[in-house]
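Contents: one structure, followed by commentary.
Below, read A as the first sequence line, B as the second, and so on, with proteins coming before strands; counting in each chain starts at 1. Remember, it's a predicted structure, so these values are computed and weren't measured experimentally.
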Number of protein chains: 2
Amino acid sequence: MPTIESPTATEAPPSGTGLRERKKRETATAIEMAAVDLVARLGLADVTVEAISAQAGVTSRTFFNYYAGKEDAVLGHSRMFPPPSLQRLEFRPGVAILDAVIDALRDEFAAFDFGTKEFQAKRRAILVAHPNLLVSSFQALDGIEVDFALQIERLLGDEGVVPAAERSREAWALVMLVGGVLRLAMHSWSQEEQSGHPLSDHVDIARATILAAARRE
Amino acid sequence: MPTIESPTATEAPPSGTGLRERKKRETATAIEMAAVDLVARLGLADVTVEAISAQAGVTSRTFFNYYAGKEDAVLGHSRMFPPPSLQRLEFRPGVAILDAVIDALRDEFAAFDFGTKEFQAKRRAILVAHPNLLVSSFQALDGIEVDFALQIERLLGDEGVVPAAERSREAWALVMLVGGVLRLAMHSWSQEEQSGHPLSDHVDIARATILAAARRE
DNA sequence: CACGATTCTTGCATACCGTGAAACTTTTCT
DNA sequence: AGAAAAGTTTCACGGTATGCAAGAATCGTG
């Protein structure tokens, strides 16, 4: 081995190790910043991938290696980094599955609050001007819902309340509920005047609101 | 008046009158049929707009007059005919707003069941192979959600239960709930083996499932 | 039915999108 | 240092989507 091993590094470093990984992250955020900046100033339609790439200092071909299009770049959904998964989520008695799933997704949402206040404000403005972007946000990220449904079905099995025959339908219902909660949270977050509460607060309120609405009927 | 009035036609015919309107509908369904047929056989990626247009007997330029892309053509979301609106929906005491809204959208869903059994089966197969299409289906149809939220807010005002300050949030929560119900219905409909129950049945089941899931927490 | 007005289709031109393949550069590992 | 792995660039290409102007079909009216 050439260099001295970093201490407590026997465990495989999952990310952030090495220059390569760091540069990848830098490129990803550079593109994301450029995309948010340009789209906030000119509008989604009047910004080309080429312009974003130029401002980020890469070729447009590289852009497409990271993001599938402007929309994903604005939202920060890079192809290079895996989408969230519920694989490691375990059932805990006393914790509602809906809550467990939403909590598990908090980290993903935290990424939306990264950067300066100005940056967040720009992104919020974009989401106000282009509400359709919210749809693809944290929902239907290319089959992610299927994974979610399977994992939730597994949790339902561990819970043991819902009969096996109903679990798939029930799991998909929960997926749709979670999706609704997250989208509502994104909506109120984007509508908020000035930079206010973090997204996680909006998630809590959104969950309470949707559950209350469902119970009112 | 040039021609003899058709009997019982004192009421303004809202649609389907005239040769022009009929031809428009014919062209729209011709494109839709061609799109579903080709995509079912070759897959979404291997079908070009040009191929769909050719099979439908129009130019690709005309195709784009009717649909924004293959996806919309497969789903039957034509630009020529306005998306559903809740403008005319009125509050009725004793009828839950969620139910009223869903009922009002039934007609749109009926359109999904049109055509031969084979045609419906083809479309179901497409939706199984391309679950992402479901996302854009009856949700976020280019700002339709904003209209929905406003109309639901109006209904909430007529109902008079929710305080005014909470109505917007509540309305959006209902929008997300309705969206979840419709998407769940579409999902189970598309997953169904063989041509089975009409979509409206799936809507009823989906609504019950989601509300039950929300109440279980 | 004949006329103008409206509406839809078409063809052309154009810009952008998104991907594959091969050459080249940078990082990693030993 | 040198080979292997990973990332970027260049080039090429087909598909997507829209604007515009000319032409054809339909509608309303006298």
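Atom CZ in A:Phe63 sits about 14 Å away from atom C1' in C:dT19, given to the nearest Å. Separating the CD atom of A:Glu26 from the P atom of D:dA6 is a distance of 20 Å, rounded to the nearest angstrom. What separates CG of B:Asp46 from P of C:dG18 is a distance of 18 Å, to the nearest Å. Separating the CD atom of B:Glu71 from the P atom of D:dA17 is a distance of 7 Å, rounded to the nearest angstrom. One atom, CZ of B:Arg79, and another, P of D:dG19, lie 9 Å apart when rounded to the nearest Å. For A:Ile31 and D:dG7, the CD1 to C1' distance is 12 Å, given to the nearest whole Å. We find that CD of B:Glu21 is positioned 14 Å from P of D:dT26, with the value rounded to whole Å. In this structure, B:Leu44 atom CG and D:dG15 atom C1' are separated by 13 Å, rounded to whole Å.
Of the two residues contacting DNA chain C, namely B:Val58 and A:Gly69, the nearest-nucleotide position lying further toward the 5' end is that of B:Val58. Both A:Leu19 and A:Thr48 sit near DNA chain C, but only A:Thr48 has its closest nucleotide nearer the 5' end. Residue B:Ala68 is the one, among B:Arg20 and B:Ala68, whose nearest nucleotide of DNA chain D lies closer to the 5' end (criterion: closest heavy atom).
Within the structure, every side-chain polar atom (N or O) of B:Lys23 is placed at least 4.0 Å from both OP1 and OP2 of D:dA25. Checking the phosphate oxygens (OP1, OP2) of C:dT9, no side-chain nitrogen or oxygen of B:Thr62 falls inside 4.0 Å. Between A:Lys24 and the phosphate of D:dA6, there is no side-chain N or O to OP1/OP2 separation shorter than 4.0 Å. The side chain of B:Arg61 places no N or O atom within less than 4.0 Å of a non-bridging phosphate oxygen (OP1 or OP2) of D:dG23. For the pair B:Tyr66 and C:dT9, the criterion of a side-chain N or O lying under 4.0 Å from OP1 or OP2 is met.
Side-chain polar atoms of B:His202 and B:Glu192 form a donor-acceptor pair below 3.5 angstrom.
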Check the pair A:Phe109, A:Trp189 against ring-ring contact (aromatic ring centres under 6.0 Å, His included), reporting the backbone distance first and the verdict last.
CA-CA 11 Å; A:Phe109 270 77; A:Trp189 176 78; 9.0 Å; no
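Closest approach to the B:Phe64 side chain among D:dA17, D:dG7, C:dT10 is made by D:dA17 (side chain taken as heavy atoms from C-beta onward).
The two residues A:Ala149 and A:Ala171 make their nearest non-hydrogen contact at O-CB, 3.5 Å. Of all the heavy atoms in B:Thr209 and A:Ala173, the pair that sits closest is CG2-CB, 3.7 Å.
Taking the ring centre of B:Phe81 as origin, the terminal cationic atom of B:Arg25 falls inside the region bounded by 6.0 Å and 45° from the ring axis.
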